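For reference, the structure is listed below as structure tokens.
Worth saying up front: this structure is predicted, and the values here are computed from it rather than measured. For reference, positions follow the sequence shown, starting with 1. Only heavy atoms go into these numbers, but all of them, side chains included; no hydrogens, no water, no symmetry mates.
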Amino acid sequence: MAPGPRRGQDSRGEPPSRATGALAGQLGTRVRHFPGGHIGPITHPGAFGAPVRKVFLAR
């Protein structure tokens, strides 16, 4: 999984999510999504953890 801006898929439209979109635009990349919203690690721990591991292991 390539590095870059991430946000919770359930957080679209929220202020931090919009900031993530703006950052992606400035970087010339796209936003990738993690399962859940702002508290995805709590509400979707298994589904959230898998892509997070991929991001960290890709480095």
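- In this structure the side chain of P51 reaches within 4.5 angstrom of the side chain of P35, judged on heavy atoms.
- Hydrophobic clustering, defined by side-chain heavy atoms of Ile, Leu, Val, Met, Phe, Trp and Tyr closer than 4.5 Å, groups L27 together with L23.
- Closest of all the heavy-atom pairs between V31 and G21 is CG2-CA, 3.8 Å.
- For the side-chain hydrogen bond (donor to acceptor under 3.5 Å, both in side chains) test, no residue two or more places apart in sequence or in another chain qualifies with R30.
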With a 3.5 Å cut-off and sequence neighbours excluded, list the donor-acceptor pairs that the side chains of residues 37-44 form with protein atoms.
unit_1, atom_1, unit_2, atom_2, d
T43, OG1, I39, O, 3.3

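- Applying the side chain to side chain donor-acceptor pair (under 3.5 Å) definition to pairs two or more places apart or across chains, those involving residues 13-26 are R7-S17.
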